[in-house]
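Step one of this worksheet: look at the structure below.
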Amino acid sequence: MKKVATILAVIFAVAFTANTFAQATDNEVITITANLNTSLYLDMGSAGYMPIEFNFNTLEDYNNGLGGHDNFDYYHMAAISSTANWKFGVKAISSFEHSDNSTTMPLNNLGISIGWEGSNTVQNNVDGTPAALSSDEVILIEQSGDISNAGDYSDNQFNIFYEMGTQNGNMNSQSIFEQDLKKGTYTVDVEFVATEVL
């Protein structure tokens, strides 16, 4: 029995000594960095080369206006590809100026609405009811609650519909006829802006 106890003591001593040597370590620390950069692209195809032109010819045009939601005579297709949540707005970057370079038309004669076609869920602020053009940015589409709207072009595709003189939504409450504007050509530059939402 004494022999067995001695053997066990030797085994434990060897194991303890081996364990002591196994604890010696060496180490190096490196830093791992992940840069989550945002990519955000607005695609309006050839929209920049295809201006919208309203031709008011008849008394009905002057009284009722032209264009509107789902009117494919006055629209552009658009899509957004983004790795982050986003919002989409519009603003006038010039006055609605007559070709005489001095007369202007109120911006709110122009209204813009969105027909959503993408698979993402978004908050469409102008679904069927236009927002009047303003020199301040008007948000047309944004994130719906906590639901992400990040995705590719097929997730975020939509149609932009234009209307003028219809008096819909918060547009000018007077018809083009009632405003008795100087006849001729008026033009305005409109900027669409896609912005990351943090």
Side-chain angles (χ1 to χ4, degrees), residues 27-54 65-97 105-164 166 168-172 186-198:
N27 67 302
E28 294 284 343
V29 176
I30 63 169
T31 301
I32 305 297
T33 302
N35 294 311
L36 303 181
N37 300 312
T38 299
S39 62
L40 177 64
Y41 303 101
L42 170 61
D43 181 10
M44 292 185 65
S46 59
Y49 305 103
M50 297 173 55
I52 298 294
E53 186 173 317
F54 293 96
L66 297 170
H69 192 71
D70 292 331
N71 184 322
F72 288 89
D73 291 330
Y74 308 95
Y75 90 111
H76 282 131
M77 292 183 293
I80 291 173
S81 176
S82 178
T83 57
N85 294 316
W86 52 271
K87 62 182 178 178
F88 179 69
V90 64
K91 64 180 177 179
I93 56 174
S94 68
S95 58
F96 218 140
E97 193 170 292
M105 173 192 295
L107 291 172
N108 65 0
N109 278 307
L110 180 67
I112 296 172
S113 60
I114 299 289
W116 184 255
E117 301 288 334
S119 58
N120 269 347
T121 298
V122 297
Q123 181 174 318
N124 183 352
N125 296 327
V126 286
D127 184 11
T129 303
L133 183 63
S134 169
S135 56
D136 296 322
E137 184 177 359
V138 177
I139 302 302
L140 305 173
I141 305 171
E142 55 191 320
Q143 192 177 354
S144 178
D146 293 334
I147 302 171
S148 175
N149 62 358
D152 63 20
Y153 291 123
S154 63
D155 298 320
N156 299 314
Q157 56 187 330
F158 50 96
N159 294 316
I160 303 169
F161 295 102
Y162 306 88
E163 56 194 272
M164 180 169 284
T166 61
N168 290 327
N170 65 340
M171 293 171 63
N172 197 312
Y186 293 82
T187 57
V188 61
D189 291 324
V190 175
E191 180 180 26
F192 289 97
V193 183
T195 307
E196 177 184 7
V197 175
L198 300 174

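Residues N159 and E117 form a side-chain contact, since some pair of their non-hydrogen atoms from C-beta on lies under 4.5 Å apart.
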Task: CA sep, side-chain torsions, deciding dist, call: Y75, Y162, ring pair (Phe, Tyr, Trp, His ring centres under 6.0 Å) - done: CA-CA 6 Å; Y75 90 111; Y162 306 88; 8.8 Å; no
TODO: Begin from the C-alpha positions of D152 and S81 and carry the test side-chain hydrogen bond (donor to acceptor under 3.5 Å, both in side chains) through to its verdict.
DONE: CA-CA 4 Å; D152 63 20; S81 176; over 6 Å; no
Task: CA sep, side-chain torsions, deciding dist, call: V138, L133, side-chain contact (heavy atoms from CB on, under 4.5 Å) - done: CA-CA 8 Å; V138 177; L133 183 63; over 6 Å; no
TODO: Determine, stepwise, if the pair W86 / E196 fulfils side-chain contact (heavy atoms from CB on, under 4.5 Å).
DONE: CA-CA 4 Å; W86 52 271; E196 177 184 7; 5.8 Å; no
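When atom types are taken as modelled, the side chain of N35 and the backbone of N37 share no donor-acceptor pair closer than 3.5 angstrom. Although no hydrogens or angles enter the test, the distance criterion places a donor-acceptor pair under 3.5 Å between the side chain of N125 and the main chain of I139.
Closest non-hydrogen pair, T38 versus A84, comes out as CG2-CB, 3.8 Å. When all heavy atoms are compared, the tightest approach of S113 to P130 is CB-CA, 4.0 Å.
Residues that satisfy the side chain to side chain contact (heavy atoms under 4.5 Å, CB included) test with S94, not counting sequence neighbours, are V188, D189. Taking the side chain to side chain donor-acceptor pair (under 3.5 Å) definition, one finds that T129 meets it with nothing, sequence neighbours left out. Partners of N124 by side chain to side chain contact (heavy atoms under 4.5 Å, CB included), not counting sequence neighbours, listed by chain and number: I114, W116, V126, D127. Partners of N168 according to the side chain to side chain donor-acceptor pair (under 3.5 Å) rule, which considers only residues two or more places apart in sequence or in another chain, are E163, T166. Scanning for side chain to side chain donor-acceptor pair (under 3.5 Å) contacts around E137 gives an empty result, with sequence neighbours left out. Applying the side chain to side chain donor-acceptor pair (under 3.5 Å) test to S82 and every residue at least two apart in sequence or in another chain returns nothing.
We find the CG-CG distance between N85 and L40 to be 10.5 Å, quoted to the nearest 0.5 Å. How far CD1 of I52 is from OG1 of T187: 14.0 Å, rounded to the nearest 0.5 Å. Note that OG of S148 and CD of Q143 are 6.0 Å apart. Values are rounded to the nearest 0.5 Å. To the nearest 0.5 Å, atom CD1 of residue I160 and atom CG of residue L140 are 7.5 Å apart. Interatomic distance, I80 CD1 to M44 CE, rounded to the nearest 0.5 Å: 9.5 Å. Within the model, atoms OH of Y41 and CG of N156 stand 14.5 Å from one another, a figure rounded to the nearest 0.5 Å.
Proximity of the aromatic rings of Y74 and F54 is defined here by a centroid distance below 6.0 angstrom, and this criterion is met. For F158 and F88, the gap between ring centers is short of 6.0 Å. For H76 and F192, the ring centers are positioned 6.0 Å apart or more.
In the model, S119 has a side-chain atom that pairs as donor or acceptor with a side-chain atom of D155 under 3.5 Å. Defined by atom type and a distance below 3.5 Å, a donor-acceptor pair is missing between the side-chain atoms of N120 and N149.
Environment of OH in Y153: crowded, with over 12 heavy atoms of neighbouring residues, nucleotides or ligands closer than 6.0 Å.
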